[in-house]
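In this text, all values refer to a predicted model and were calculated from it rather than measured experimentally. Note on naming: letters A, B, ... go to the chains in the order of the sequence lines (proteins, then strands), and numbering restarts at 1 for each one. Below, all heavy atoms of this structure are taken into account, side chains as well, without hydrogens, waters or symmetry copies.
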Amino acid sequence: MPKSEFLREAEARGFIFQCTDMEALDAAMQAGPVSGYIGFDPTADSLHVGSLIQIMMLRLLQKHGHRPVALMGGGTAKIGDPSFREEARQLMTAETIAQNLRGIEGCLRQFLSFDDRPGEGAGAMLANNADWLDRLSYIDLLRDVGIHFSVNRMLSFDSVRSRLEREQGLTFLEFNYSILQSYDFRELNARHGVTLQMGGSDQWGNIVSGIDLVRRMNQQQVFGLTTPLLTTSSGAKMGKSARGAVWLSAQRLPVFEYWQFWRNTEDADVGRFLRLFTDLPIEECDRLAALPGAGINEAKKVLATEATALCHGRAAAEQAAEAARRTFEEGALSADALPSISIAAATLHEGIPAFRLFADSGLVASNGEARRLIRGGGARLNDEVVTDEGRMIGEGDLREGVIKLSSGKKKHILVRPA
RNA sequence: GGAGGGAUGCCCGAGUGGCUAAAGGGGGCGGACUGUAAAUCCGCUGGCGUACGCCUACGUUGGUUCGAAUCCAACUCCCUCCA
């Protein structure tokens, strides 16, 4: 049983999958503040729920007086992570990467405090591996880093071995990727005294390699800690919603939908998610998760509001909760916080066929899909089922200045003339 | 380097000259039931058009044929066995 505050809470809340040396890490954390990092790849301008467990881990670290470090893979992004090699990833331009970095930083700022808080330990730090990878000289790398890597050993890693056994090509670039990742740890250790790397359980191999490298190059004992791979109780990968990834940025996913994502959690996941994705005390999480029968819905609302508050702020979360209450519990026509789109007033004046408006609204992906939705009886206009796909929608359909379109019971959007 | 097998829609997988926008399953979406849950059941599931219809799609390129996912040739990639 760990004694340090951080490890105790992390373990109790379900964050810990594996640790390279639990006792030593525990001792280090009791001795003083530890800097721990997690890497994020700037492949999009927002993070999504798939990374949330990592973010929450950093947050927890900060809560207990340690220093969280978010490492941006600005340098490695230039070659692309080969581990998802369906096809070689498209190379991103420097501008795209820079833009993505800004977006991700925005996400992280919601969850972490980047300011030093007197008496409460250091603020979070943002690092970018482009700072050292960009200027890396090949000769120096070979001499200083390469000498510490045993090819025999690398060949024995599952990830590499499975590729070789299937006689599936493994490029030199791919083979090197883990070396660069290890090097990140060594740089963070040397530059900023980072002694802990965290990540998903799929990063275990990389983390262990990094630890070895730091020990050899810097003569430092450092640690690795992984989180479990998150799936829902019914086995689905976490973080997929109706329209793709559940983004943390409000530009990519309206707050209302973020709230809905959590509201629709499966019963069996409520306790686990409360512990992982909210700041509520564990006892409170357990109490909520144990609510019998339909009472669990109250727990889901708490989960939704708390998780949304962390990401988008308390006010926006409560607005989303209220919009949901009005929409689902009162069946109100419109609620301000529902996502909305605008349409040219002239179009509305002339009238537009129902299937087309549904497609234009983004509720469905194409006209054909809109037609199918209508034929299947799942489309509603101002809460009335639409039966005729060609029904003209015009100014006469405005209610309080907006038109509400629904796909099924859960997806709603307001159309405003502009 | 040699011999054989394969590449099908979001994924898995059947199909071996026209009836094939392509069986079946998964996933997704919608409906019923419920608690905005799970499980279950039902329907839908390439794009464009109100529609007869048109276009795109079975690794790539070309060919045979009235007609090709299906036959032929070359190429690319993958798998199995031998060296």
Side-chain angles (χ1 to χ4, degrees), chain A residues 84-88 162-171 231-246 254 256-274 288-305 307-308 320-332 335 337-339 351-381 383-393 404-413:
Chain A
F84 309 87
R85 18 105 250 123
E86 276 291 305
E87 284 160 26
S162 68
R163 290 285 292 279
L164 292 178
E165 279 169 2
R166 287 189 296 157
E167 288 184 28
Q168 193 179 14
L170 181 71
T171 64
T231 54
T232 68
S233 290
S234 37
K237 213 174 263 171
M238 171 134 188
K240 295 289 180 211
S241 81
R243 274 183 284 160
V246 180
F256 177 76
E257 287 180 34
Y258 189 77
W259 192 92
Q260 280 296 318
F261 167 76
W262 294 104
R263 173 62 183 82
N264 287 310
T265 296
E266 294 174 23
D267 286 10
D269 292 326
V270 171
R272 198 159 50 108
F273 287 2
L274 278 166
L288 287 166
L291 291 174
I296 194 79
N297 283 322
E298 292 311 309
K300 291 185 192 182
K301 289 179 205 167
V302 173
L303 168 63
T305 301
T308 304
E322 175 60 12
R325 193 186 65 76
R326 300 228 310 263
T327 304
F328 291 103
E329 293 177 23
E330 288 178 9
L338 283 180
I352 178 169
F355 74 86
R356 197 177 292 282
L357 186 59
F358 269 87
D360 288 353
S361 75
L363 273 181
V364 293
S366 66
N367 290 348
E369 202 173 304
R371 288 200 166 90
R372 276 179 241 129
L373 178 70
I374 294 171
R375 281 184 210 139
R380 273 168 301 152
L381 165 67
D383 297 323
E384 301 276 329
V385 174
V386 178
T387 50
D388 175 9
E389 33 188 286
R391 179 204 192 283
M392 294 305 283
I393 296 176
K404 180 184 179 189
L405 299 183
S406 312
S407 163
K409 291 174 196 152
K410 294 185 192 171
K411 285 181 287 180
H412 309 280
I413 196 161

Participant: Taking the P atom in each of B:A51 and B:A68, what is the distance between them to the nearest angstrom?
Facilitator: 27 Å
Participant: Any side-chain heavy atom of A:Leu338 within less than 4.5 Å of one from A:Lys404?
Facilitator: yes
Participant: Return the value, rounded to whole Å, for the distance between atom CG of A:Leu303 and atom P of B:A37.
Facilitator: 15 Å
Participant: Between A:Arg380 and A:Arg356, which is nearer to the 5' end of RNA chain B once each is assigned its nearest nucleotide?
Facilitator: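 The residue mapped nearer the 5' terminus is A:Arg380.
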Participant: For B:G47 and A:Arg372 - does any side-chain N or O of the residue sit under 4.0 Å from the phosphate oxygens OP1/OP2?
Facilitator: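 The answer is yes; a side-chain N or O of A:Arg372 sits under 4.0 Å from OP1 or OP2.
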Participant: Within the pair A:Asn367 and B:G47, is there a side-chain N or O less than 4.0 Å away from OP1 or OP2?
Facilitator: no
Participant: Identify the nucleotide, in any strand shown, that forms a Watson-Crick or G-U wobble pair with B:A21, with both distances under 3.5 Å; if there is none, say none.
Facilitator: none
Participant: So which nucleotide does B:A73 pair with, by the Watson-Crick or G-U wobble rule with both distances under 3.5 Å?
Facilitator: B:U61
Participant: Take the protein atom CG of A:Asn264 and the nucleotide atom C1' of B:G35, then report the distance between them rounded to whole Å.
Facilitator: 11 Å
Participant: Is there a side-chain contact between A:Lys409 and A:Arg380 (heavy atoms, below 4.5 Å)?
Facilitator: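 Yes. Closest side-chain heavy atoms under 4.5 Å.
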Participant: Considering only atom C1', compute the distance from B:U45 to B:U60 and round it to an integer number of Å.
Facilitator: 29 Å
Participant: Please state the P separation for the pair B:G9 and B:A83 - nearest whole angstrom.
Facilitator: 36 Å
Participant: Just to confirm, is there a sub-4.0 Å distance from OP1 or OP2 of B:G46 to any side-chain nitrogen or oxygen of A:Ser366?
Facilitator: no
Participant: B:G30, OP1 or OP2 - any side-chain N/O from A:Lys409 closer than 4.0 Å?
Facilitator: no
Participant: Nearest 0.5 Å, what's the NE2-CG distance between A:His412 and A:Asp383?
Facilitator: 7.5 Å
Participant: Using the P atom as the point on both nucleotides, what is the distance between B:G17 and B:C72, in whole Å?
Facilitator: 11 Å
Participant: Nearest heavy atom decides the nucleotide; on that basis, is A:Leu373 or A:Ile296 closer to the 5' end of RNA chain B?
Facilitator: A:Leu373
Participant: Contact between A:Lys300 and A:Asn264 at the side-chain level, heavy atoms closer than 4.5 Å - yes or no?
Facilitator: no
Participant: From C-beta outward on A:Lys300, which listed nucleotide comes closest to its side chain: B:U36, B:A37, B:U50?
Facilitator: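 Among the listed nucleotides, the one closest to the side chain of A:Lys300 is B:A37.
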Participant: Name the nucleic acid region contacted by A:Gly368, choosing base, sugar-phosphate or nothing; use a 4.0 angstrom heavy-atom cut-off, strictly under.
Facilitator: sugar-phosphate
Participant: Within this structure, what is the CD1-to-P distance between A:Ile374 and B:G31, rounded to whole angstrom?
Facilitator: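 So the two atoms are 13 Å apart, to the nearest Å.
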Participant: Return the pairing partner of B:G4 with a 3.5 Å limit on both distances, Watson-Crick or G-U wobble; otherwise return none.
Facilitator: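 Result: B:C79.
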Participant: Within this structure, what is the CD-to-P distance between A:Glu369 and B:U45, rounded to whole angstrom?
Facilitator: 11 Å
Participant: Are A:Arg263 and B:G35 close enough that a side-chain N or O sits under 4.0 Å from OP1 or OP2?
Facilitator: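 Result: no.
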Participant: If you measure from the P atom in B:C10 to the same atom in B:A23, how many Å do you get, rounded?
Facilitator: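 About 13 Å, rounded to a whole number of Å.
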Participant: Could you work out the separation of B:G46 and B:U20 based on their P atoms and round it to a whole Å?
Facilitator: 15 Å
Participant: Any non-hydrogen side-chain atom of A:Leu381 less than 4.5 Å from a side-chain atom of A:Leu357?
Facilitator: no
Participant: Suppose you measure atom P in B:G24 against the same atom in B:A14; what distance do you get, rounded to whole Å?
Facilitator: 15 Å
Participant: Looking only at atom C1', what distance separates B:A57 and B:G47, rounded to whole Å?
Facilitator: 11 Å
Participant: Should A:Lys301 and A:Glu329 count as an ion pair when the cut-off is N to O under 4.0 Å?
Facilitator: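 A salt bridge is present here (some side-chain N lies under 4.0 Å from a carboxylate O).
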Participant: Find the distance A:Arg375:CZ to B:U50:C1' and express it as a whole number of Å.
Facilitator: 10 Å
Participant: May I ask you to verify whether the side chain of A:Asp267 and the base of B:G35 hold a donor-acceptor pair under 3.5 Å?
Facilitator: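 For A:Asp267, whose side chain was compared with the base of B:G35, there is a donor-acceptor pair (under 3.5 Å).
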Participant: Specify the separation, in whole Å, of atom NZ of A:Lys410 and atom C1' of B:U36.
Facilitator: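 For the pair A:Lys410 NZ and B:U36 C1', the rounded distance is 5 Å.
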Participant: Specify the separation, in whole Å, of atom NZ of A:Lys411 and atom P of B:G28.
Facilitator: 12 Å
Participant: Who does B:A14 pair with, Watson-Crick or G-U, both distances under 3.5 Å?
Facilitator: none
Participant: Which of the following nucleotides, B:A37, B:A51, B:G30, is nearest to the side chain of A:Arg371?
Facilitator: B:A51
Participant: Taking the inter-plane angle between the rings of A:Phe256 and A:Phe328 on a 0 to 90° scale, is it parallel (under 30°), tilted (30 to 60°) or perpendicular (over 60°)?
Facilitator: parallel
Participant: Tell me the partner of B:C44, counting only Watson-Crick (N1-N3 plus N6-O4 or O6-N4) or G-U wobble (N1-O2 and O6-N3) with both under 3.5 Å; none if nothing fits.
Facilitator: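 Pairing partner: B:G28.
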Participant: What's the CD-P distance between A:Gln260 and B:A37, to the nearest Å?
Facilitator: 10 Å
Participant: May I ask which nucleotide in the shown strands pairs with B:A68, Watson-Crick or G-U wobble, both distances under 3.5 Å?
Facilitator: none
